[in-house]
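For clarity, every value in this text was computed on a predicted model and none was experimentally measured.
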Amino acid sequence: MKKFLPFVFLFIISNLTAQQRPKLVVGIVVDQMKMEYLYRFQNDFSENGFKRLMNDGYTFYNMHYNYMPTYTAPGHASIYTGTTPAIHGIVSNEWFSRNAGKEVYCTDDASVKTLGDGTKEEGEMSPKNLQTTTVTDELRLSTNFKGKVIGISIKDRGAILPAGHFANWAFWYSKTGSFISSTFYGEKLPDWATDFNAQKGYMKYINQGWNLLKPIATYDESLADDNSYEGKLYKVDKPVFPYNLKLIYEKNDASILRATPFGNDYVADFAKVAIEKVGLGKDNVTDFLAVSFSSTDYVGHILGPRSMELQDTYLRLDLTIADFLNYLDKTVGKGNYLVFLTADHAGAENAQYLKDNNYNVTNVEPKEIRKALSKFAIDTFGEDLVLNYSNFNLFLNKETIKNKGLEIAKVKQAFVTFLMTQPQVKRVYTEEEILANSGAEYHLNCISKGYDITQNGDMIVLDKPGYIEYGPTGTSHGTTYSYDTHVPLLFYGWNIKKGECHEKKEITQIAPTLSQKLSITFPNGTEAEVLIEVLGN
C-alpha cells in the first residue's frame, strides 16, 4: 500500500496546481448596455442567461466609466487595459489628428492586409494604436505564449482591442457576411474560419426575418412599435415588426445582420467553432476568449432605448448567453471557466422623448455646432479658425491664429465665451485647465482621464445633462453622466462566490482584478485598483 502513496500525493498536487487558474476566461462585452436593462427586462428573461450569471455569480450593481468620451473603442480598451484613454491612447472610435490633418480610426493600420472574404479597407486593422498592454497580453506573456487568446466581434474594434498586441487571432464581421482578420495575426485565415464562412450561416438568419420573440403583450416595458423616436432600419417604410430581412438584404448587403439580434447569434456561432477548433480550455494552461456583442449598439443607435426592437434584442441575447453557457459547461466543464460580462458604455434617453415629457432638453446636431463655431470665428476674427469639432473636442487652427498676429489665449477665451452662450453647453474646459486638473472636480477629472495631449483638442465641451449631440431619433452616448457611464459587471464561474455589491466601482478595476485572479502581471498602464469582492476562493 505504501508504494502507492507517492502516486496519490502527486495526483493530488497536480490537480491542485491545475486549479490555480481556470482553463478558460471568457470576457463578454455587450455594446451600449445600461445596467438598467437588467432591471427593466428582468421578468422577461429566462432563468439560464443573465439570471444565471446574477443568481449564481457576483453582481456589481454600481459600475461606472471614469472618463469621457464614453464610446466603443475607448470602452473596450479601458476594460482590458485597466486604464483610461489618457494613458492607453484610444481617445475615441475615430478622432481628428492635427498631425495628419484628417480623422484617423482607432484600429487603422495600412501596413497590414485583409485576410478572408472582406474588402481592402475592412481588413487593414491592428492594435498598433493601443499604447499599453491588456490583461490578455499579460496572460500570453505569463504563460510563455502557451495560453491562447482569441477576440471575436461584429465590430473590428470590439475584437482587436480586447485581444491585445499578442493575440493568436482577432476576427470581425465583413459586409460580405464573412468573419475576416488581417495579416497582423497570420499569413492566411485559419482553415476552420474559412470553412465556417463558406457555409454562409448568416443567410439562415436573414431568410427567417425578424419578428417578436414573444407575444406583443410582453413588451409593455417599451413604447408602441411605431413611434416618432425611432429611426428606420435600413430605410424601411416604418420601423415595425415583422422585418423582411431578405428584402432588406437584397437592397443592401450582409452588413444588415449587424443591426438585428442575429448579429449576436452569429458571433456566438463563430465563437463556439473557435473554441472547438482552436482547442480553447482543453488543457491546464489558461486561454482567453474575448467576445463582444455589438448588435445591441446598432439597434440602440437606430431605434432607441425605449423601442420594442431593443427589448427584443435583449430577450434574444439572454437566450444566446444561456446557450453559450451550456456549451461551455459541456466543452470546458462547469467550474473550469471564468466569465465576466460588462459593457463598453451605456446610453442616453432620446432627447426628444424627454422634451415631449416636459424636460427642457433637446438633441443638437454636431454639424450645426461646427457651423455655429465657424460663423462665430468669421464674424469675430474675419476668418474660420476652426480646424475640427468632433467628439466634444474643438481644434483651433493655431497656424492661422499665429499668422494673423492673434494671441492664442485670447482666441481660446473668446471661443469659451461663445460656447457658454449655447443652450446645450454646461462647461468648456481648455487644454490648460485639463492638464492642471487636481482631481477635485468630478466632471473635469473624467475629462482629464480621457484626454491625451498629443491627440485631443484645444478645448472640450461638456453638455448639460439630458442634451445629446445626435439626430432626433434613436440614441447615442459619450458624456460623463451616469446614463452613459453606468454599466453592469457580472462575474461567474471559477472561484467566484455568489454575492452582490452596491458600492461605486470603476471600469478600470476589471483588468487588474483579473490579473490578480489569474496570478499574472498587471497590464502596464493600470493604476492596479482591484475588486476585492471577487478575489480569493
* Has K214 got more than 12 heavy atoms of other residues, nucleotides or ligands less than 6.0 Å from its NZ? ->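 Yes.
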
* Asked: Taking atom CG of L435 as the centre, does the number of heavy atoms from other residues, nucleotides or ligands within less than 6.0 Å exceed 12?
  ->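 Above 12, so yes.
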
Are the side chain of [X] and the backbone of [Y] linked by a donor-acceptor contact shorter than 3.5 Å?
| X | Y | answer |
| --- | --- | --- |
| T342 | L489 | no |
| T526 | G82 | yes |
| D344 | H76 | no |
| Q509 | V530 | yes |
| S519 | S515 | no |
| S182 | M125 | yes |
| T143 | R140 | yes |
| T260 | L257 | yes |
| T70 | T479 | yes |
| N264 | S295 | yes |

Are [X] and [Y] packed together at the side-chain level, in the sense that at least one heavy-atom pair is separated by less than 4.5 angstrom?
| X | Y | answer |
| --- | --- | --- |
| P74 | N93 | yes |
| T296 | M33 | no |
| P305 | E349 | yes |
| P523 | T133 | yes |
| L189 | S181 | yes |
| H88 | Y80 | no |
| V25 | T286 | yes |
| L38 | Y61 | no |

* Asked: Could you go step by step and tell me if D265 and T320 meet the side-chain hydrogen bond (donor to acceptor under 3.5 Å, both in side chains) rule?
  -> CA-CA 6 Å; D265 289 327; T320 301; 2.4 Å; yes

* To do: Could you point out which residue of T72, N391, N456 forms a side-chain hydrogen bond (donor to acceptor under 3.5 Å, both in side chains) with S92?
  =>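 Single side-chain hydrogen bond (donor to acceptor under 3.5 Å, both in side chains) partner of S92 among T72, N391, N456: N391.
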
Return the set of residues passing side chain to side chain contact (heavy atoms under 4.5 Å, CB included) with [X] (not counting sequence neighbours), or none when no residue passes.
| X | result |
| --- | --- |
| F324 | V26, A271, K272, I275, L289, L328 |
| F241 | W210, N211, L212, D225, Y243, M308, E309, D312 |
| D318 | F45, S46, F50 |

Taking only residues two or more places apart in sequence or in another chain, which ones pass ring-ring contact (aromatic ring centres under 6.0 Å, His included) with [X]?
| X | answer |
| --- | --- |
| Y185 | none |
| F270 | F171, F179, W192, F196 |
| Y298 | none |
| Y67 | Y65 |

* Residue that, paired with I90, satisfies side-chain contact (heavy atoms from CB on, under 4.5 Å) out of T132, D452, L161, T81 ->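 Testing each of T132, D452, L161, T81 against I90, the sole residue satisfying side-chain contact (heavy atoms from CB on, under 4.5 Å) is L161.
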
* Passing option when F288 is tested against I150, V135, D137, L24 for side-chain contact (heavy atoms from CB on, under 4.5 Å) ->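 The side-chain contact (heavy atoms from CB on, under 4.5 Å) with F288 is passed solely by V135 among I150, V135, D137, L24.
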
* To do: Carefully, step by step, assess T59 and E500 under the rule side-chain hydrogen bond (donor to acceptor under 3.5 Å, both in side chains).
  => CA-CA 5 Å; T59 303; E500 60 185 45; over 6 Å; no

* Verdict with reasoning, K128 to D108, per salt bridge (Lys or Arg N to Asp or Glu O under 4.0 Å) -> CA-CA 8 Å; K128 76 168 189 177; D108 269 346; over 6 Å; no

Taking only residues two or more places apart in sequence or in another chain, which ones pass salt bridge (charged side-chain N to carboxylate O under 4.0 Å, His left out) with [X]?
| X | value |
| --- | --- |
| D287 | K148 |
| E221 | none |
| R258 | none |

Would [X] and [Y] pass as an ion pair if we require N to O under 4.0 Å?
| X | Y | value |
| --- | --- | --- |
| E527 | K449 | yes |
| E533 | K505 | yes |
| K330 | D323 | no |

* Asked: Mind checking whether Y492 and Y337 have parallel, tilted or perpendicular rings, split at 30° and 60°?
  ->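 The rings of Y492 and Y337 sit tilted, inter-plane angle from 30° to 60°.
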
* Begin with the C-alpha distance, continue with both residues' side-chain angles, and end with the deciding distance and a verdict on side-chain hydrogen bond (donor to acceptor under 3.5 Å, both in side chains) for H443 and N445. => CA-CA 5 Å; H443 295 288; N445 199 37; over 6 Å; no

* **Steps toward side chain to side chain contact (heavy atoms under 4.5 Å, CB included) verdict (W494, V339)** => CA-CA 8 Å; W494 179 83; V339 172; over 6 Å; no

* Derivation and outcome, side-chain hydrogen bond (donor to acceptor under 3.5 Å, both in side chains), residues Q311 and D44 -> CA-CA 10 Å; Q311 182 173 354; D44 303 322; 3.2 Å; yes

* Approximate separation, where rounding is to 0.5 Å, of L325 CG and N48 CG ->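 Going from CG on L325 over to CG on N48, the span is 8.5 Å.
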
* **Pairwise distance CD(E94) to OG1(T107) - rounded to 0.5 angstrom** =>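 So the CD of E94 and the OG1 of T107 are separated by 10.0 Å.
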
* Summary of ring pair (Phe, Tyr, Trp, His ring centres under 6.0 Å) pairs that have at least one residue in residues 506-527, sequence neighbours excluded ->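 Every pair satisfying ring pair (Phe, Tyr, Trp, His ring centres under 6.0 Å) with a residue in residues 506-527: there are none.
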
* To do: Verify the ring-centre separation between Y58 and F491: is it less than 6.0 angstrom?
  =>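 No: the rings miss the under 6.0 Å criterion.
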
* Check: H477 ring centre within less than 6.0 Å of Y470 ring centre ->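 Distance test on ring centres: not under 6.0 Å, no.
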
Under 3.5 Å, sequence neighbours excluded: what are the donor-acceptor pairs made by side chains of residues 462-469?
residue : atom : partner : partner atom : Å
K464    : NZ   : P423    : O            : 3.0
E469    : OE1  : Y389    : OH           : 3.3
E469    : OE2  : Y389    : OH           : 3.0

* For D31 and K155, what are the C-alpha separation, side-chain angles and deciding distance, and is it a salt bridge (Lys or Arg N to Asp or Glu O under 4.0 Å)? -> CA-CA 10 Å; D31 207 321; K155 295 181 179 180; 2.9 Å; yes

